[in-house]
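Every heavy atom of this structure was used, including side-chain atoms; hydrogens, water molecules and symmetry mates were not. Note that the structure is predicted; figures quoted are calculated from it, not measured. Every chain is numbered from 1 and lettered A, B, ... according to where its sequence line falls, protein lines coming before strand lines.
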Amino acid sequence: MVRVRIAPSPTGSLHVGNARTALFNYLFARQNQGTFIIRMEDTDAARSSRESETSMLEDFQWMKMDSDEGPLQGGNFGPYRQTERLGLYSKYTQMLLNNNKAYPCFCSAEHLQEQREQKRSNNQPYRYDRACANLDADTVAKRIKQGEPYAVRLRTPQEHVVVHDIIRGDIQFETDSFRDFIIVRPDGMPVYNYVVAMDDHLMEITHVIRGDDHISNTPKQVLVYDALGFTVPKFAHIPMILGKDHAKLSKRHGDTTVANFKEKGFLQEALINYLALLSWSPKTEREFFTMDELIQEFQLESVSKSAAVFDVDKLKWMNGNYIRQMEPNEYYKRILDFVRASELFTNGHITESDIANEERFTKILLTVRDNLETLMDVGQYLQPFFTMPGLTKGINAELSPEAKEILELPTSKDVLEGFLSELKKVENEGNSDGNHDTDTYTDTYIDTYIDAQTYKGLTKIVQKNSGAKGKALFMTIRVGISGEHKGPDMAELVSLLSVAEMISRLDYTIANRL
RNA sequence: GUCCCCAUCGUCUAGUCAGGUCUAGGACACCGGCCUUUCACGCCGAUAACAGGGGUUCGAAUCCCCUUGGGGGCACCA
C-alpha cells in the first residue's frame, strides 16, 4: 500500500515548486491506488498562520489534487498539523535516552555558536566536539536535577550512511560533518530532522517524494529511523524549479504562487499539465495530458535529475490551447469572472445587462477566444464591442500611427460619410419595419442590427460611391468604427454592434479625427 | 571553505542505464512565409545544443577520469 505526503509550511501562498512536488506525490499515489496526505509543518510559530494554511488548502483543491487525509478531513494517522503532534515525540526521546542512543548536552547555544564561528573564520568545517558525549550518569542526573538546561543529541557512531534514492540511486554521506546532531532543543522543542522522520514513520509513509534541497538532510533522518528501529521509507528527490536567472524559484522572480496564476487567468488544467512536464516527460512526444492521463503515464523512476527553468511563455502557450479547446459553455462560465474584473466592466462600458444578453455576449466571447493566452486577456479584446477609445472617457483616445495613416487616405472622408448615410437608411427602415416591439406598444427601444450579408452589400455601395476599394475601404471603416487598425473580423464586429452605436462612433470619428 | 547533487538548442526536453540506426528528434520563444483586405488562430519553413580536456573502443552525446560551470545543504529554521 502506497502512502505519500506533501508537507508544506503554511507560511504564505502555495508556491508552484511545492505544487509540483505535490503533483508528483499525487500522481504516484493515484496510479498506485495509494493514499495522498497533506501534513502542515507549522511549528515555526513566527511565520506560520492559519490563514496561510487555508489558502494553501484551497489552492490544492483548485488544482484538483484531492487529499485522502489532511488537517481538514482528518484520518487515522492524525493529527495532521505538526503543532498538534508535539506530544507524540517525547516518549521516543525518552527511549533513545534510556538506550543511550541519545544523550543530554549541556553546552550553551552561545558556546557552540562561538566554536562554529571560530572554525568558519579558519575555513575549517565545524564539528561538535562531543564535550557532553561521555559524561557519567551521576553527573548528568545531578545537573538535570539542578535544573540546568540541556539539549538532546543523537549518537552517530557510524562513519557513513547511504541514502537509497529512486531517482538518483545510492548517495553516500560521511556522518562526520553532522555527528551527534541535536534532536531536541533545551526548551523541549524537537528539531525538524528528528520530527519528520517520526511523523513519516507514524503516518506510515512509504515513499518520501520531495524537493532535492532536502537531500543533505536525508542522512540525518536515516540515522533517526535507525536509532528508533523504524524501517526507512523509500526516497525520491525531485529537482528544483529555477527562475530565469537559474536560481531557485522564489518570490523575487515575480508570480510564483498558484494563487498568482489563478488570478491571472491561467487554467488549472494548463498549470497541472505544464508543471508535470518540468523534469518529467513521457516516452512519446505528446505534450497535452489531462490529470487522468498523467496518472496513467507518470513514471517516478523517469523523473530527470536536473533542475528545470520555469518558462511562463510556454505555460501561456499551453494555457491558450486549453482555452481554445474548452467546451463553449465551460468557457463562458469560467471567463465571466474575468470579464467582471476587467476595466471595461468596472468602468461601466460592459454592464450586467450586456452579460444577460446571453446570445450576443456568447458570440462576442467566442470571437475573441482565439486571441487569448489567459482568461484575463479578455478585457483588452472585448473593447471594440463595447466602446471606442475617445468616444467615452477613461480609455486612451490616442490613435495608433497605423490608424492615423489610414484616416489620412484621400478617400477616407467619402468612405466614412458614405457608410454613415447607408447606416442611417438602414436605421430608418428598421424603425418603419416594425423592428420595434409593436405588439405591446412599450417604449422599450429595440436595437437594430445588420447581418454580415447586409454589411457586405453596404460596403459595395460605399465602394461604388467613394471609389475606394480594398484596404482603403475596409480599413477605413474599421478605424472609423473601432478606432483601431486591428481587431475582430469586420463582418462579425459589425453584426454584433447596433446600428445606432455604429452611427454614433462614425459621427465621432468624422467630427474629431478626420 | 566543506559536503552532496546536476550538466544536450535561449528555455522545456528525447536520446545516456543495454556505445553504431544521431550529419542529435520534438515543443516553447524568436525570425521568415502562407492563410486572412486587420489582429489572432491555423499551416509551412529557417536559425539554434551534446561545457572543456583526457582516456576506453574499430566506433562515444552515450562508459571512465579530471577540469570548469551551475544548484543545494552545512543551525538549538522548516
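Note on A:Ala109: a base of the nucleic acid sits closer than 4.0 angstrom, heavy atoms only.
Rounded to whole angstrom, the span from the CH2 atom of A:Trp280 across to the P atom of B:rA14 amounts to 10 Å. Put simply, CD1 on A:Ile182 is 10 Å from P on B:rA75, counting in whole angstrom units. Per the geometry, CG belonging to A:Leu275 stands 14 Å off P belonging to B:rC12, to the nearest Å.
Note that A:Arg143 lies outside the cation-pi zone of A:Tyr150, set by a 6.0 Å cut-off to the ring centre and a 45° limit from the axis. For the pair A:Arg116 and A:Tyr126, the cation-pi criterion (under 6.0 Å, within 45° of the ring axis) is fulfilled.
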Practice item. Report, as a single string ordered 5' to 3', how protein heavy atoms within less than 4.0 Å touch nucleotides 60-70 of chain B: B base, S sugar-phosphate only, - not at all. Key: -----------
With the criterion being N/O to N/O and under 3.5 Å, what pairs connect the protein with nucleotides 34-38 of chain B, and how long is each?
unit_1: B:rU38; atom_1: O2'; unit_2: A:His485; atom_2: O; d: 3.1
unit_1: B:rU38; atom_1: O2; unit_2: A:Gly487; atom_2: N; d: 2.7
unit_1: B:rU38; atom_1: O2; unit_2: A:Gly487; atom_2: O; d: 3.1
unit_1: B:rU38; atom_1: N3; unit_2: A:Arg478; atom_2: NH2; d: 3.0
unit_1: B:rU38; atom_1: N3; unit_2: A:Gly487; atom_2: O; d: 2.6
unit_1: B:rU38; atom_1: O4; unit_2: A:Asp489; atom_2: N; d: 3.3

Could you list all N or O pairs between the protein and nucleotides 5-7 of chain B that sit under 3.5 Å apart?
unit_1: B:rC5; atom_1: O2'; unit_2: A:Arg168; atom_2: NH1; d: 2.6

Restricting to nitrogen or oxygen on both sides, can you table the protein-nucleotides 40-42 of chain B pairs closer than 3.5 Å?
unit_1: B:rA40; atom_1: O4'; unit_2: A:Asn371; atom_2: ND2; d: 3.3
unit_1: B:rA40; atom_1: O2'; unit_2: A:Asp370; atom_2: O; d: 2.6
unit_1: B:rA40; atom_1: O2'; unit_2: A:Asn371; atom_2: N; d: 3.4
unit_1: B:rC41; atom_1: O3'; unit_2: A:Arg324; atom_2: NH1; d: 3.4

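OP1 and OP2 of B:rC74 both lie 4.0 Å or more from every side-chain N or O belonging to A:Ser177.
Take A:Thr362 and apply the side chain to side chain donor-acceptor pair (under 3.5 Å) test, not counting sequence neighbours, and it matches no residue. Residues that satisfy the side chain to side chain donor-acceptor pair (under 3.5 Å) test with A:Arg179, not counting sequence neighbours, are absent from this structure.
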